[in-house]
Amino acid sequence: MSTFPVVAVVGRPNVGKSTLVNRIIGSRSAVVEEMPGVTRDRREFAADWAGRDFVLVDTGGWEVKPSGEVNVSIREQAEAAVSGADVVLFVVDGTTELTDDDTGVISILRTAQVPVVLAANKIDNSGSEGNIDRFWGLGLGEPHPISAYHGRGVGELLDEVVGRLPQPLEPEEEDDVPRVAIVGRPNVGKSTLLNKLVGESRVIVSETPGTTRDPIDVDVELEGKRYRLIDTAGIRRKPQITEDADFYSVIRAREAVRSADVAVLLVDATEGVTHQDQRIAREVVDAGVGLVIVLNKWDAIDEEQRELTERSLPDRFGFVGWAPVLRMAAKSGARMQRLPGAIEAVIAARATRLPTGQLNRAVRQWTAAHPPPVRKGRRPKIHYVVQAGTAPPTFVLFLSGGTLGDDYLRFLENRLREEADFTGSPVHIVARAGERR
């Protein structure tokens, strides 16, 4: 795990916390929208200032009297972030009076025994700085006037933050932790699965679809091996994306998939495999990421429905027939012990490499028994094959005399899968035409 110090950004809803986070890290990674409460989970970012590296944690807005289950969870997540921080960056709206929610946060900070840096946001010019004198009476030290939107005063604020950080420790040696993205449609149990694997309430779990809007990373050890789990926002089709926050969340979910080693695709067994499940599986394949399919909520359906779901799998998921399929219940933990082994098998398959000699002997046998079909009056001939890379396994065919159709490429892929264990991994085949030298 990282030895970097942690800076938690806290405050009531809609004071500009995510805007400040984006300003500090220099990108639009945190969801920003005028509607209060858009940031719901703790999000962690790598940040640096003046030669100091630290982890920046963006939290949901804290409220004294939250309404609804989700808002209660937001408050609990913010409090958890404070308890794990080395420095708290407390953001208030410098243009308005303090609210009960502000004073509620202050009461927590006074008992947290964590250094606090106070940022009065939305102070866009020096003429407005006189309005922040009232914040001196909070007992949290000097209020720093900033404009997160324009960047005004943020540098001086960060100087104060890094000055409060503990002395740096010797960093751990960098390791290659496999990244596992938990993906699926909204409300299929992704956050429930992550929380069960981690053993703590790391992500907000609610019956409301779309609760997780940002990818959440957490390291976990499963059966003695370490993984980085990524809980993503539910990937929706475009007509279902009605809010700007959801739009950016889906983009980042897809980015999380592309950066993963393995994607665990959760399917709601009570609803069966949908077209959107197929779309997500296709995105995983196109990204070259390993795939494990999980039929979640398996304990909630009867034998007849289980049989119907089983019969539909070859038709709905035939294009990823090489992916392992697990039946389990994330909520109760039933059959979850099979998941780590499946993930590890897919990671190993992605690293599989075939010796060039063995590969070419096999391809010659396959093409002799089943030559490529004639296309446009010409029959292509494969002269040489090389495995150009792994993760995913990628093969380059050097051929002349025409082109290979998708059907013949699928034939070769199937033969490759019989030759080696590529369970759960896409196999990419590139046909490169050109006369043999």
Scan for salt bridge (Lys or Arg N to Asp or Glu O under 4.0 Å) pairs involving residues 332-349, sequence neighbours excluded, and state none if there are none.
Lys225-Glu344
Any idea which heavy atoms bring Val162 and Asp159 closest together, and the distance?
CG2-O, 3.4 Å
Under the ring pair (Phe, Tyr, Trp, His ring centres under 6.0 Å) rule, what pairs show up with a residue in residues 332-360, not counting sequence neighbours?
none
What pairs with Ser332 under side chain to side chain donor-acceptor pair (under 3.5 Å), at least two apart in sequence or on another chain?
none
All salt bridge (charged side-chain N to carboxylate O under 4.0 Å, His left out) counterparts of Arg415, not counting sequence neighbours:
Glu418
Pairs where residues 311-370 contributes a residue and the test ring pair (Phe, Tyr, Trp, His ring centres under 6.0 Å) is met, not counting sequence neighbours
His370-Phe411
For residues 326-361, the ring pair (Phe, Tyr, Trp, His ring centres under 6.0 Å) pairs (sequence neighbours left out) are none
Gln337: side chain to side chain donor-acceptor pair (under 3.5 Å) partners, not counting sequence neighbours:
none
Quick one: salt bridge (Lys or Arg N to Asp or Glu O under 4.0 Å) pairs with a partner in residues 352-374, sequence neighbours left out?
none
Could you pull out all residues at least two apart from Arg327 that satisfy side chain to side chain donor-acceptor pair (under 3.5 Å)?
Glu310
State plainly whether the residues Glu271 and Lys297 are in salt-bridge range, i.e. N to O under 4.0 Å.
no
Does Glu283 pair with Arg279 as a salt bridge, N-O distance under 4.0 Å?
no
Pairs meeting criterion salt bridge (Lys or Arg N to Asp or Glu O under 4.0 Å) with involvement of residues 146-155, two or more places apart
Glu129-Arg152
Contacts of type salt bridge (charged side-chain N to carboxylate O under 4.0 Å, His left out), residue Asp93, not counting sequence neighbours:
Lys122
Flag the pair Leu157 / Leu20 as yes when at least one side-chain heavy-atom distance between them is below 4.5 Å, and no otherwise.
yes
Who pairs with Asp48 by side chain to side chain donor-acceptor pair (under 3.5 Å), at least two apart in sequence or on another chain?
none
